[in-house]
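Just below is one structure, and these are the notes that go with it.
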Amino acid sequence: MADIKYNPAEVEHKWQGIWEKEGIYHAQDFSDKKKFYLLVEFPYPSGAGLHIGHVRSWGAMDSYARKKRMEGFNVLYPMGWDAFGLPAENYAIKTGTHPSKVVPENIKVFKRQCQALGLSFDWTREIDTTDPKYYKWTQWIFLQLFKKGLAYQAEVLVNWCPKCKTNLADEEVLPNGTHERCGMPIERRLQKQWLLRITKYAERLLDDLKTVDFAPQIARQQVNWIGKSAGMKIKFGDVKVFTTRPDTLNAVTFLATSKLYEEGSKEKIGKFSGKYAINPLDGRKIPIWDTNYVTPDYGTGTIMGVPAHDERDMDFAKKYHLDIIQKDPDEKLWQVIEKNGWGEKYTNYHLRDWIFSRQHYWGEPIPIIHCPKCGPVAVPEKDLPVELPYLEKYEPSGTGESPLAKVKDWLEVPCPQCGEPGRRETDTMPNWAGSNWYFIRYADPNNNNEIASKKKMDYWLPVDLYQGGFEHTTLHLLYSRFIYKFLFDIGIVPNSEPYLKRYSHGIVLGADGRKMSKSFDNVISPDQIVGKYGADTLRIYEMFMGPFDQMVAWSEESLEGCYRFLGRVWRAFESRVGNDKPSLILLTKLHQTINKVDRDIEAFKFNTIVSSLMEFVNTWEEEGSIDKESANLFVRLLAPFTPHLAEEIWHEVLGNAESIHMSTWPEYDPKYLQVGEVVMVIQVNGKLRSQLTVNSEQSTVKEEMEKLAKNDAKVAKWLDGQKIKKVIFVSGKIINFVVQK
RNA sequence: GCCGGAGUGGCGGAAUGGUUUACGCGUACGACUCAAAAUCGUAUGGAGCUUAAAACUCCAUGGAGGUUCGACUCCUCUCUCCGGCACCA
C-alpha cells in the first residue's frame with residue numbers, strides 16, 4: 001500500500017457525517033431548478049451485504065448525480081429496499097430467523113455500506129416494499145387491475161420449482177429449464193393461478209419503444225421477447241392453422257397438430273391421425289398428422305406443413321415420406337385468402353400473460369376475498385392494506401398451497417359484497433410486485449391517501465435515466481413499463497412511459513474471470529476494499545476498470561494504481577499550488593480535460609474520464625505548479641468522482657467554506673483549447689515520415705507547410721527523385737505527399 | 001438456427017477515416033533504506049541493423065479481399081468468443 005499522508009478512512013468518515021447532517025443531497029419538491037430524476041435499481045437486501053457490482057452501477061451514477069447537481073439541476077437520486085420475495089424468505093429459513101426480523105437487519109447493513117461509499121442518495125425518501133404503508137399501494141394497484149379485468153384467475157400449466165416449492169414466471173426459468181435463482185430443474189404443473197393480462201399491452205409495449213431512448217441491446221431484447229409475428233389464421237375445413245407465410249398456401253402437403261408435443265424433444269415424431277383436411281385454395285385433400293414438434297400454446301396449436309419453404313416441415317416430410325410440392329410463394333395469396341373468407345389476418349405474440357401468484361409467505365397478500373356466492377371479490381380500498389399476518393412457521397408446504405392457508409382467524413372474513421362467510425386469497429404476490437411501481441413512490445414516499453400526489457408526480461415523472469442490470473431487461477423492466485401504462489390509462493400517472501432512457505452496466509467478474517461466487521472463492525466485498533483503500537479508490541477503480549457496459553474481471557493491482565493516483569492528487573494539491581500563472585501547456589491541458597470529462601460523463605464513458613484526470617495530473621507534475629484559480633477548477637472537476645478527497649482538498653488545502661458538492665460544475669475556457677503549438681504529421685504515400693512542431697497559425701497554411709515539409713531532411717529523403725502527384729493537406733493535422741510508385 | 005455485442009502489447013483497455021498501442025497494471029533497472037515494504041525516477045509492441053546506444057527500416061488492431069492519398073475505424077466474405085432467444089411455423 002502506498003504511504004500517503006491523505007488518510008481516507010478518517011477523511012471519508014468525517015465528510016459523510018457532515019453531508020448527512022447538512023442534508024445536502026435532498027431533492028426539493030417543486031424547486032425552480034430543472035429536475036433530473038436519476039434512478040438505479042433498488043436491491044433486495046440479502047444477508048451477504050452489498051455486492052461489488054452494486055458499487056459499479058451506483059458509484060458511476062452517483063458521479064452522474066453529483067455532476068448534474070453541480071450543473072444546477074434539482075436531482076432526485078433515491079434508494080430503497082425490495083425486501084419481499086423468495087431470496088429474503090430462503091435466507092430467513094436458512095438462518096432460522098423470521099423474515100420480518102432479518103429484513104430490517106439486512107437493510108441496516110446495506111444502508112451503512114451505502115453511506116460508507118459516500119453515495120449521495122436522498123435518504124429522506126427511502127422506501128421498503130415490506131412496509132404495510134408501502135404495500136398498501138401495491139395491493140391497491142392489484143385491485144385496479146382486477147376491476148379492469150386485467151387480473152384474473154385461470155388453470156394454467158405453471159413452472160414449479162420443487163426446491164423453492166413455488167411456481168415461477170416464464171421469465172424466471174432459464175433456457176435450460178432450471179430456476180434462475182436456485183438452479184433446480186423446473187417441473188410443469190396444472191394449477192389455478194392469478195394472472196395479469198400483459199398481453200393486452202403487447203403492441204404498445206413494442207410500439208412505444210420508439211419513443212424512448214433505450215440502449216439498442218435492451219430495446220432489441222424486449223422486441224424479441226414480445227415476439228410479434230404477423231400472419232393469418234387459415235381454415236382448412238374445420239381445422240384452423242396459424243401461419244406467417246400465407247403466400248405458401250399453394251405448397252401445403254400436410255397439417256401438423258401438437259397432440260404429441262413433448263418439451264425438449266429433439267427428434268421429430270408423428271402419427272397419421274387418419275383424418276384429412278381440404279386446402280381451400282385448390283380443394284386438395286391434405287392429411288392431418290399428430291406430431292411432437294408443434295408448440296401447443298402458440299397460434300392455434302396446429303400448423304400447415306410446407307416442406308418446400310420450411311426446414312422443419314421438410315425434415316418431417318422426408319422422414320414420413322410425405323409429398324413435397326415445389327411452388328413459388330405468391331404474395332397475392334394474402335388478399336385472396338381474405339377475400340374468399342378462407343382466413344383472416346392475425347398477429348401472434350410470444351409474450352404470455354404473467355402468472356402473478358406465489359404459494360409463499362413472504363410477499364404481499366393478494367387483496368381478494370373468495371365468496372361461495374359472489375366468487376372472487378375485491379377487498380374494499382378502505383380496508384387496505386391487507387397486512388401479512390405474523391407466522392411463526394412459514395415454510396412452504398409443498399402441497400401447492402400457501403402457508404397462509406393455515407391461519408384460520410386471518411383467513412375467514414365475511415364477503416364484502418353479500419356478507420356471507422368468505423375466505424381470503426392465501427397466495428401472495430411475486431417479488432416483482434413491489435418493484436413494478438417503486439419509482440413512483442419516491443416522488444412522495446409518505447403519502448397515506450394516494451400512491452403519490454398528482455402534483456409531485458407531475459413534477460418528478462418520468463424517470464430521466466434508469467440504470468440497472470441487463471438481467472432485468474425482460475423481467476422487471478418490461479413488467480414495470482406495463483404497470484405504468486396501465487396506471488396512465490386509468491388516469492393516475494402523467495405519462496405512458498416510465499423511463500426516458502435506459503442504460504445497463506456489465507457485471508464485475510472475479511479476478512479469475514469467472515462469475516463471483518462463494519463456490520469459486522473469488523468474491524470481493526466492498527467493506528474489505530473500503531477499509532483498506534477507501535471509498536474514493538474503489539469508486540474510481542470500478543469506473544476505470546473497463547467500458548461501463550461490458551463485463552470486466554476484478555484486479556487488485558489495478559485498484560492499487562487508482563489508490564496511488566489519489567495519493568498523487570493529494571500531494572500535487574499540497575505542494576504544487578502557487579501564485580504564479582501556470583504554463584500555457586498546463587492551462588491548455590486543464591481546459592481540454594474539463595471539456596473531455598464533461599463529454600465523456602454524458603456518454604457514460606467513465607473509464608476514459610479517469611484516464612483524462614490521470615493525464616492531467618501527469619502534466620501537472622511535469623509542468624510545475626498551478627495557480628489557485630486553476631486548482632479550484634480542477635478540484636471541482638474531481639468532485640463527482642472522488643467526492644471525499646475533493647471535499648477535503650477544497651476545504652483543507654484551498655480554504656473554501658461551503659461544500660464542494662454545492663458548488664458549480666467547471667466550464668472550460670475555449671480560448672485555451674487552441675494550443676499554441678501543433679505537431680503536424682508529415683506523410684509520404686500515407687506513411688508517417690516526419691513530424692514538425694509549428695505554431696497553430698502556420699499549421700493552417702498549406703503552402704507554408706508544404707515548403708517546410710519539403711525542407712525537412714527526413715521527408716526530403718523520401719521525396720528525392722520522386723514525382724509528386726498530389727499533396728493532401730488537412731489543416732492543423734497532416735500533410736501527405738502522394739508520389740509515383 | 002435467429003438477433004445483438006466484441007476480437008488491438010505480457011494484462012485491463014485508448015483512438016471525430018489522419019502519429020496505433022493514451023491511461024493504468026505488470027516487468028526490468030535505478031534512487032531512497034542497514035534491509036524490506038511503500039514511494040519516486042527511467043525504460044518497456046515485435047523483428048531487423050548495430051560491439052553498444054542513438055538513428056534508421058520493415059511488420060503488427062482475429063483472417064482474406066475491397067474502397068481511399070491514408071483504414072482499428074467504411075464495404076464484402078470468413079473464423080472465434082460473449083450475451084439473448086429458440087421446433088414460436
Side-chain angles (χ1 to χ4, degrees), chain A residues 1-4 175 215-225 227-229 231 241-245 248 256 258 261-268 291-306 309-313 315-316 348-350 470-471 473-474 504 506-507 513 540-541 544-547 549-562 564-565 567-568 571 599 605 607-618 621 679-691 714 717 724-730 732-739:
Chain A
M1 263 172 79
D3 175 30
I4 56 175
Q217 314 94 292
I218 298 169
R220 198 66 232 161
Q221 217 173 301
Q222 289 210 345
V223 168
N224 286 347
W225 188 261
K228 178 179 181 175
S229 35
V241 304
F242 173 72
T243 181
T244 54
R245 296 292 307 274
T248 62
S258 50
Y261 180 74
E262 223 186 305
E263 221 170 45
S265 57
K266 279 218 163 91
E267 175 92 0
K268 290 183 179 54
T291 74
N292 69 338
Y293 79 94
V294 175
T295 319
D297 46 4
Y298 190 83
T300 64
T302 302
I303 60 151
M304 57 185 213
V306 191
H309 302 293
D310 187 288
E311 218 176 302
R312 294 155 303 178
D313 296 344
D315 284 352
F316 190 76
N348 215 345
Y349 298 90
H350 167 260
F470 283 110
E471 71 275 19
T473 302
T474 56
S504 290
I507 57 171
I540 60 158
Y541 167 60
F544 184 60
M545 67 197 310
D549 58 356
Q550 274 172 47
M551 58 166 119
V552 202
W554 179 263
S555 158
E556 190 126 350
E557 287 88 0
S558 222
L559 173 108
E560 284 185 21
C562 292
R564 272 178 222 137
F565 170 64
R568 285 171 54 204
R571 277 194 302 277
R599 276 188 291 127
K605 290 166 81 174
N607 53 334
T608 51
I609 288 173
V610 180
S611 301
S612 324
L613 296 173
M614 287 171 169
E615 276 188 57
F616 174 74
V617 174
N618 289 346
E621 286 174 348
V679 178
M680 280 296 284
V681 170
I682 319 296
Q683 297 182 335
V684 177
N685 280 348
K687 281 199 171 166
L688 172 77
R689 292 306 177 196
S690 184
Q691 297 173 37
K714 289 179 195 166
K717 191 173 93 184
I724 298 173
K725 276 164 65 183
K726 206 164 144 190
V727 180
I728 311 278
F729 177 73
V730 182
K733 271 202 170 140
I734 203 162
I735 185 157
N736 183 15
F737 295 98
V738 185
V739 300

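Here is the naming used below: chain letters follow the sequence lines, and residue numbers restart at 1 for every chain. Heavy-atom basis, side chains included; hydrogens, waters and symmetry copies ignored.
- Across B:G9 and B:A43, the matching C1' atoms stand 15 Å from one another, rounded to whole Å.
- Note on A:Pro216: nothing from the nucleic acid sits closer than 4.0 angstrom, heavy atoms only.
- Residue A:Glu471 is classed as having no contact, given no heavy-atom separation below 4.0 Å to the nucleic acid.
- Taking atom P on both B:U8 and B:U76, the two are 22 Å apart, rounded to the nearest angstrom.
- Against the 90° criterion about 0, the sugar-base torsion of B:G12 places it in the anti range.
- To the nearest whole angstrom, the two P atoms, one in B:A55 and one in B:G65, are 34 Å apart.
- For the C1' atoms, the distance linking B:G18 with B:C72 amounts to 13 Å, nearest Å.
- Between A:Asp313 and A:Asn607, the residue anchored closer to the 5' end of RNA chain B is A:Asn607, taking for each the nucleotide with the nearest heavy atom.
- Listed nucleotides B:G18, B:A14, B:G24 differ in distance to A:Asn736; the shortest reach to its side chain belongs to B:G18.
- To the nearest whole angstrom, the two P atoms, one in B:A15 and one in B:G1, are 33 Å apart.
- Of the side-chain N and O atoms in A:His350, one or more sit less than 4.0 angstrom from OP1 or OP2 of B:A86.
- Side-chain proximity of A:Lys605 to the nucleotides B:A15, B:C23, B:A86 is greatest for B:A15.
- Spacing of P atoms, B:U27 relative to B:G10, comes out at 16 Å, to the nearest Å.
- Residues satisfying the side-chain hydrogen bond (donor to acceptor under 3.5 Å, both in side chains) test with A:Glu311, not counting sequence neighbours, are none.
- Among the nucleotides B:A89, B:C87, B:A15, the one closest to the side chain of A:Asn292 is B:C87.
- Taking atom P in both B:U80 and B:C58, one finds a spacing of 35 Å when rounded to whole Å.
- Comparing B:C87, B:C69, B:C3 against the side chain of A:Val738 picks out B:C69 as the nearest.
- Distance from the side chain of A:Val294 is smallest for B:A89 among the nucleotides B:A14, B:C58, B:A89.
- The residue A:Gly561 sits close only to the backbone: its heavy atoms come under 4.0 Å of sugar-phosphate atoms, none of a base.
- In this structure, A:Arg220 and A:Thr295 both approach RNA chain B, and ranking their closest nucleotides by distance from the 5' end singles out A:Arg220.
- Taking 4.0 angstrom as the limit, A:Arg564 places a side-chain polar atom (N or O) nearer than this to OP1 or OP2 of B:C25.
- A:Met680 and A:Val730 make their closest contact through CE-O, 4.1 Å (heavy atoms, listed as atom of the first residue, atom of the second, distance).
- Rounded to a whole angstrom, the distance from the P atom of B:C59 to that of B:G4 is 37 Å.
- The side chain of A:Arg571 contributes an N or O atom lying less than 4.0 Å from OP1 or OP2 of B:C40.
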